[in-house]
Amino acid sequence: MVEKATSHRDILNRRQFVGLVGVSGAAALAGCTFGNNGGDGGGGENGRHTSYTNIIPKNMQWNPSNPSKLAEISGQVLFDAFAKYNFATSEFKPYAISDWEYGGNTFKMTIRDGLTWANGDDVTSADVATQLRIGLHTGETYADYTDSIETPDDKTVVMKFNSTINKKIVQFQILSGRFVRQKKSVFGEYLEKIKKNKKEGIRELQEFAWQEPIASGPFEFDSAGQQQLLLTLRDDHPDSKKINFGEYVFVYKDGNEAVQQALQNQTIDSAFSLFMPTRIVEELPDSVKQIQLPGNWGYGLVPNHSHRHAGDRAVRQAIQYVINRKQVMNNVSADSKQVPEIPIGIASSNQKQWLGDAMSSFETYGVDSSQTKKAAAVLKEAGYSKQGGTWTDKDGTAVKLPILVPSDWTDWNTATQTIVDQLTSFGFEATVDGRSFGNLQGNIWPNGDYAISAGGWLDGAPQGAYPYFSLHHQLVKNFRGFTYNYPAADQSRGGSRNDVTVPSRTGSGTMTVNPSKRLNEMATNTEEAKIKEIVVEQAWVTNQDLPMIPVLEKLEQTFLTAGDKWDIPKPDADVAQVRWANTWLPRMGEMKYTGN
């Protein structure tokens, strides 16, 4: 029997109810209040959708300014997206922001009618402005060109820029991947502290663990335990009437294989993103459907530029020469991965489009071979030598390259082990160092406590489709919070937005540029020729200096259960071509509970 939720939320939410009558009282009354209201399509509550999370629920928190234990997929159920990018139509569909108007140096947004928080408050322009203003201080990319954020009325937010801004950049930066989630009544005090003392205010904001979030989305927080997070349907969300199940549950699964088994055994109904090789996909029950989307991101290596060896360009280039990217892909899964033709900060599918004839001047470092002779040459020129089969620096210290990787990401572990084997054969002392994703994201990456770590080298879909974002991700500010100490990077990533000097693309001499300034110039330009010039130039910097080392690019895999339990659209239906379908389709009335 499917556990049912209460139908009390028009009067009390579950926590308030339990607080009044106690746990035993709530249990005793539960049988009386559980109703079947789903027959008329009016926000019914019979049914539970079960998905998964890789963070222990009781440890989760939902403050996006705090990377530690930040809940990811459940946040897309609890909070409303500004808009949703559709990969089939290459357009943004309005959502919490129902309308927007680009004015060159302004961006006006209108908040959807009827949108409320789970505590009954209206979602206002003050709420949206609060989180956007926090972003001005915490280094959101739009901070580079935004002068002010104004609220002419309760439903309108206007961002005013210091110059004309590239329209595509504005839309992707403001609308894509952004959710209504930092309510003024909760986060306003942190914004005021930041205004008075930026360093101390940001520190307090980033330490704030929001563990009982106030939702803006159709489901609200109910409880979080060791194994599961329970969210319950709200009656007062504009899309609640399209949803005919009352509970959305995320169960903790430790690792990729555990999620694969849960789908095979049908103990979960969906997985928002999961690596699954073809042989296992083919073993899934017929009722489990796969949706594939462009990843525009993928497995790469993030060197710590302060590390004695990983911080040396010669070592980074040698690593890139030694890695046989195609072999790595074949060992992981040729069906869900591809390799970049050249290692730069642009997605594979966009490289030819943006580089054109200039592409032939870029170094490939060997797509399907280990170019060990070139690797040895670049190391010897930098003063390294091979002693007893091991590469050592000028002081005779062996080049040790421990590579961190999320221990429960099976495809990344396979890729890392393959690379370690290749580097070891070449003469580096390379090792695999597996850690939990939560530990990496919460402590190790932000503290820069590593030599090399597996990490995403592109900004990710949909932004990864436009080169500005992945170039910015590599050169200035990566989205995972790596303190990688690249000199050109933002201070929040251990850099100083300094100039970079690399070999000239003309074949002789060097060129010195400031990536931060040049990308800002791209962001404030509307002339296509100028934009392309900057793209080629900054791609060249990433190709020569390798702030990150590209290896693979992925195709996203989302899994949904259909059959006699859920009514869902076909995987290639336009409405399903979003990140992530299991959180979006219910809002569209396209994921209906039909089970017994």
Side-chain angles (χ1 to χ4, degrees), residues 1-9 12-31 33-34 45-64 66-79 118-119 181 186 208-215 217-234 243 245-263 265-274 406-408 436-439 441-442 561 580 582-583 586 593:
M1 179 178 176
V2 178
E3 184 179 349
K4 298 177 181 177
T6 60
S7 59
H8 58 278
R9 276 178 294 282
L12 294 171
N13 67 31
R14 186 183 179 103
R15 293 184 304 283
Q16 291 169 327
F17 179 74
V18 171
L20 286 173
V21 304
V23 174
S24 59
L29 293 171
T33 56
F34 287 172
E45 299 174 345
N46 56 335
R48 160 184 284 192
H49 186 86
T50 303
S51 193
Y52 88 98
T53 174
N54 58 10
I55 302 176
I56 294 173
K58 74 173 186 178
N59 296 334
M60 288 180 179
Q61 63 85 28
W62 285 267
N63 169 17
N66 177 1
S68 180
K69 308 296 183 185
L70 177 62
E72 291 193 286
I73 187 60
S74 61
Q76 300 204 16
V77 179
L78 284 165
F79 304 106
N119 69 349
R181 61 188 302 170
V186 178
F208 170 46
W210 199 25
Q211 292 191 298
E212 291 202 8
I214 302 172
F219 287 85
E220 65 178 313
F221 176 85
D222 184 288
S223 58
Q226 187 73 23
Q227 291 299 319
Q228 83 167 26
L229 167 69
L230 173 62
L231 311 181
T232 52
L233 183 66
R234 296 171 56 196
I243 302 171
F245 58 97
E247 296 183 346
Y248 207 123
V249 172
F250 293 88
V251 294
Y252 173 63
K253 295 294 177 186
D254 186 15
N256 212 54
E257 292 183 2
V259 184
Q260 292 172 359
Q261 291 172 4
L263 282 170
N265 299 332
Q266 297 194 283
T267 57
I268 63 173
D269 301 309
S270 69
F272 71 103
S273 179
L274 180 72
S407 55
D408 52 355
S436 73
F437 176 74
N439 193 23
Q441 188 178 42
T561 297
W580 306 100
N582 60 333
T583 67
Y593 178 70

Straight-line distance of Ser273 OG to Asn54 CG, nearest 0.5 Å: 10.0 Å
Member of Gln226, Gln211, Gln228 meeting the side-chain hydrogen bond (donor to acceptor under 3.5 Å, both in side chains) criterion with Lys58: Gln226
Closest non-hydrogen atom pair between Lys253 and Ala262, with its separation: CE-CB, 3.9 Å
Phe79 vs Trp62, ring-ring contact (aromatic ring centres under 6.0 Å, His included): CA-CA, chis, key distance, verdict: CA-CA 10 Å; Phe79 304 106; Trp62 285 267; 7.8 Å; no
Spacing of CD belonging to Glu72 relative to OG1 belonging to Thr53, to within rounding of 0.5 Å: 8.5 Å
Nearest non-hydrogen partners of Met60 and Leu229, listed with the distance: SD-CD2, 4.0 Å
Validation row: Tyr248, Asn582 side chains within 4.5 angstrom (heavy atoms): yes
Interatomic distance, Thr50 atom OG1 to Gln266 atom CD [nearest 0.5 angstrom]: 12.0 Å
NE2 on His49 to OG1 on Thr583, rounded to 0.5 Å: 9.5 Å
Closest approach of Thr561 to Ile268 (non-hydrogen atoms, all atoms of both residues): OG1-O, 3.9 Å
Distance in Å, Arg181 CZ paired with Leu78 CG, rounded so as to fall on 0.5 Å steps: 8.5 Å
Asp254 and Asp408, any side-chain heavy atoms less than 4.5 Å apart: yes
Side-chain heavy-atom pair Asn256, Leu274 within 4.5 angstrom cut-off: yes
Side chain proximity check, Leu231 to Glu247, heavy atoms < 4.5 angstrom: no
Polar side-chain atom of Ser51 near backbone of Ser270 as donor-acceptor pair, under 3.5 Å: yes
Identified ring-ring contact (aromatic ring centres under 6.0 Å, His included) counterpart of Tyr52 within the set Phe250, Phe272, Tyr252: Phe272
Val251 vs Gln227 side-chain heavy atoms within contact, under 4.5 Å: no
Main-chain N/O of Ser68 paired with Gln61 side-chain donor or acceptor, under 3.5 Å: yes
Considering all heavy atoms, the nearest Ile243-Pro218 contact: CD1-CB, 3.7 Å
Heavy-atom pair with the smallest gap, counting every atom of Phe219 and Leu233: CD2-N, 3.4 Å
For Arg48 against Phe245, the heavy-atom pair lying closest together: N-CB, 4.3 Å
